[in-house]
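Worksheet for the structure shown next.
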2 protein chains.
Amino acid sequence: MTEFSLPPIQTTARDDAVLKALAGFVMQEALRPGQRLPTERILAERLKVSRNTVREALTRWEGLGLVERRQGSGTYLKAAVSPDMLHMPLTLAGGNDFTGLMRTLEIRRALEAEAAALCAIRAGKAEIAEIERKLDIMEEAFHSRAGMSAEEDWEFHQAVYRASGNPLFEQIIAAMHELFHRFWEHPLGVRDFGHASFPFHRTIYERIAAHDPDGARAEALKLIATVEDDLKRGAANLKLSDLK
Amino acid sequence: MTEFSLPPIQTTARDDAVLKALAGFVMQEALRPGQRLPTERILAERLKVSRNTVREALTRWEGLGLVERRQGSGTYLKAAVSPDMLHMPLTLAGGNDFTGLMRTLEIRRALEAEAAALCAIRAGKAEIAEIERKLDIMEEAFHSRAGMSAEEDWEFHQAVYRASGNPLFEQIIAAMHELFHRFWEHPLGVRDFGHASFPFHRTIYERIAAHDPDGARAEALKLIATVEDDLKRGAANLKLSDLK
DNA sequence: GTGGTTCAATGGTCCAACCAATTTCTGCAT
DNA sequence: ATGCAGAAATTGGTTGGACCATTGAACCAC
């Protein structure tokens with residue numbers, strides 16, 4: 001590890017100050033995800049702070065997924081960090097899968113519709129072409145693999161979010177999507193999950209290409225509605241089979 | 001603090017085990033948000049684990065917003081906790097500029113409208129009464145303090161999110177709100193920021209009380225639109241004064 | 001009662017070890 | 001030289017004990 005400057009911490013609110021200093025250090029050294037950051041012991045020494053305090057600070061970053069600790073090896077950067085990050089810890093009380101999924105879908109309904117509308121307003125020729133490309137890939141996969149096109153489906157939606165001009169849409173919906181998938185691994189008995197949503201991908205694309213925000217929003221809402229229906233059907237099936 | 005049972009921890013992955021045990025304890029004792037949980041020293045003793053380990057575990061929960069620590073007082077539950085929670089920490093970069101704020105507003109527009117609509121559908125008598133109470137408090141503060149009612153304003157909105165039946169709304173918008181406030185502290189030259197949004201609080205409430213989702217959504221959109229206007233005016237002012 | 005003061009409880013920080021996993025180095029056998 | 005097993009160093013994980021800073025309640029003088 002090369003030479004580096006880390007000015008000592010001054011006042012109270014230590015661990016916050018530690019994170020701030022560390023964030024500044026990461027920027028200064030232009031550390032990228034995957035790289036190792038200084039030892040806890042070294043950080044403690046340079047920051048004139050106890051190792052315990054350093055650990056609590058790093059524990060916070062670890063909890064946020066910014067950093068990964070490997071015993072015996074070191075602490076590694078896991079995502080880009082900047083001094084002005086906003087942390088949004090979302091906690092979903094699991095328990096009953098169905099209501100949890102429905103809640104993520106409610107968020108997704110709101111954001112998906114808005115993103116589609118913004119996309120219809122802002123997307124340029126290049127973005128529209130990219131969306132169409134993803135759409136073609138998805139439709140191809142759908143037909144050749146009898147409806148198993150979850151991956152390509154997701155890429156289509158991501159292209160829409162990106163073209164909305166607001167990266168927050170993609171980040172937040174991606175979080176919802178991941179949450180969704182933790183259950184989805186074992187689908188809930190509905191084999192053709194997502195089939196009903198298929199035709200709306202093209203209608204959404206058409207409304208976007210026509211720069212028709214209200215139309216795009218309406219089609220996006222229809223798509224989410226089909227997913228909600230599938231989910232409800234799955235929940236009903238589950239309840240029946242739970243009777244054993 | 002009454003008698004309670006906390007079996008000792010066994011294997012490695014201590015702090016995770018601590019959290020699991022703690023979650024179980026919270027359930028068993030039916031602790032609700034706002035209540036105090038055992039002191040770190042007691043937890044360490046009962047779980048047969050060092051106090052430092054307990055602290056790291058609690059630090060994680062604190063980072064997730066599940067718990068709040070008050071030096072000299074204790075550690076308090078801040079949200080419902082169940083043994084099977086899903087955590088989705090989301091960190092958003094940047095946002096300390098005009099475009100960043102506008103982006104958070106786009107998210108908020110989508111969610112605020114949906115939350116208001118869902119609230120109009122689902123809110124029961126008790127929830128509606130609570131919203132009205134917050135509204136009265138806000139209007140009172142607004143008139144007696146010449147429009148300085150940001151705190152009460154925010155509480156009104158939170159009441160709406162809670163009544164939407166989906167805690168994710170409150171969690172996500174709260175994060176947006178915090179980001180927003182990093183600017184708001186030193187306002188952008190617009191002294192009467194938020195004035196224009198005032199009347200829409202009551203109209204939103206009326207539409208909710210009338211169980212009129214579409215009306216509530218429409219009023220929520222109007223409210224956000226006024227905030228966007230304020231923001232644009234502020235940005236314009238800022239640009240002028242930046243010329244020096 | 002009112003307004004300080006004292007004091008115990010509690011979270012925050014520090015220190016100095018030791019444990020456990022990992023990586024690196026060393027030296028011997030091939 | 002090469003390769004590999006074992007020792008040593010590195011690094012995060014845990015422990016126990018100490019002290020500081022803040023809070024809140026009990027107490028006391030007025």
Side-chain angles (χ1 to χ4, degrees), chain A residues 1-2 4 6-22 25-26 31 33-78, chain B residues 1-4 6-22 25-26 29 31 33-78:
Chain A
M1 179 72 51
T2 123
F4 53 84
L6 277 174
I9 297 297
Q10 321 165 11
T11 66
T12 48
R14 315 281 227 197
D15 49 355
D16 259 353
V18 167
L19 286 186
K20 218 167 131 192
L22 197 53
F25 170 72
V26 169
L31 292 187
Q35 291 193 274
R36 216 185 70 167
L37 38 85
T39 308
E40 295 177 350
R41 291 173 172 88
I42 293 186
L43 285 176
E45 179 190 352
R46 305 290 173 118
L47 295 170
K48 291 277 183 269
V49 143
S50 110
R51 190 179 154 217
N52 243 319
T53 305
V54 171
R55 287 198 107 259
E56 291 214 6
L58 286 178
T59 297
R60 281 234 265 288
W61 268 15
E62 189 186 29
L64 291 170
L66 295 179
V67 115
E68 179 186 348
R69 291 156 135 174
R70 277 187 255 146
Q71 182 173 172
S73 178
T75 304
Y76 297 82
L77 214 52
K78 214 170 139 191
Chain B
M1 179 73 50
T2 123
E3 211 50 44
F4 52 84
L6 278 174
I9 297 296
Q10 324 163 6
T11 66
T12 49
R14 314 280 224 197
D15 48 356
D16 259 353
V18 167
L19 286 186
K20 218 166 132 191
L22 234 190
F25 171 72
V26 169
E29 297 284 311
L31 292 186
Q35 290 193 275
R36 214 185 74 167
L37 34 87
T39 70
E40 297 177 349
R41 289 172 173 89
I42 292 185
L43 285 176
E45 179 190 352
R46 306 290 174 114
L47 295 170
K48 292 276 183 269
V49 138
S50 111
R51 190 180 152 216
N52 261 336
T53 304
V54 171
R55 279 185 64 67
E56 291 216 6
L58 286 178
T59 298
R60 282 237 263 289
W61 268 15
E62 190 186 27
L64 291 171
L66 295 179
V67 117
E68 178 186 349
R69 290 156 138 175
R70 290 209 286 272
Q71 181 172 173
S73 177
T75 303
Y76 297 82
L77 213 54
K78 213 170 139 190

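Every chain is numbered from 1, with letters handed out A, B, ... down the list of sequences.
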Interatomic distance, Leu19(A) atom CG to Phe25(A) atom CZ [nearest 0.5 angstrom]: 14.0 Å

side-chain hydrogen bond (donor to acceptor under 3.5 Å, both in side chains) partners for Thr39(A), two or more places apart: none

Distance, rounded to the nearest Å, where Tyr76(B) contributes OH and dT22(D) contributes P: 17 Å

Glu40(A) CD to dT22(C) P, straight-line distance once rounded to whole Å: 16 Å

Distance below 4.0 Å between Thr75(B) side-chain N/O and dG11(C) OP1 or OP2: yes

Side chain proximity check, Arg69(B) to Thr59(B), heavy atoms < 4.5 angstrom: yes

Can you give the donor-acceptor pairs under 3.5 Å from side chains of residues 70-78 of chain A to other protein atoms, not counting sequence neighbours?
{"unit_1": "Ser73(A)", "atom_1": "OG", "unit_2": "Tyr76(A)", "atom_2": "OH", "d": "2.5"}

Validation row: Leu58(B), Leu22(B) side chains within 4.5 angstrom (heavy atoms): yes

Partner set under salt bridge (Lys or Arg N to Asp or Glu O under 4.0 Å) for Arg60(A), not counting sequence neighbours: Asp15(A), Asp16(A), Glu62(B)

Residues touching DNA chain D, which here means a heavy atom under 4.0 Å, drawn from residues 52-70 of chain A: Arg55(A), Arg69(A), Arg70(A)

Side-chain N or O of Ser50(B) closer than 4.0 Å to phosphate OP1/OP2 of dT14(D): no

Between N or O atoms, less than 3.5 Å apart, protein on one side and nucleotides 17-19 of chain C on the other: list the pairs.
none

Under 3.5 Å: donor-acceptor pair, side chain of Thr53(B), backbone of Val49(B): no

Whole angstrom value for the distance that separates C1' of dT23(D) from CZ of Arg36(B): 11 Å

For Arg41(A), side-chain hydrogen bond (donor to acceptor under 3.5 Å, both in side chains) partners two or more places apart: none

Distance, rounded to the nearest Å, where Leu77(B) contributes CG and dG11(C) contributes P: 14 Å

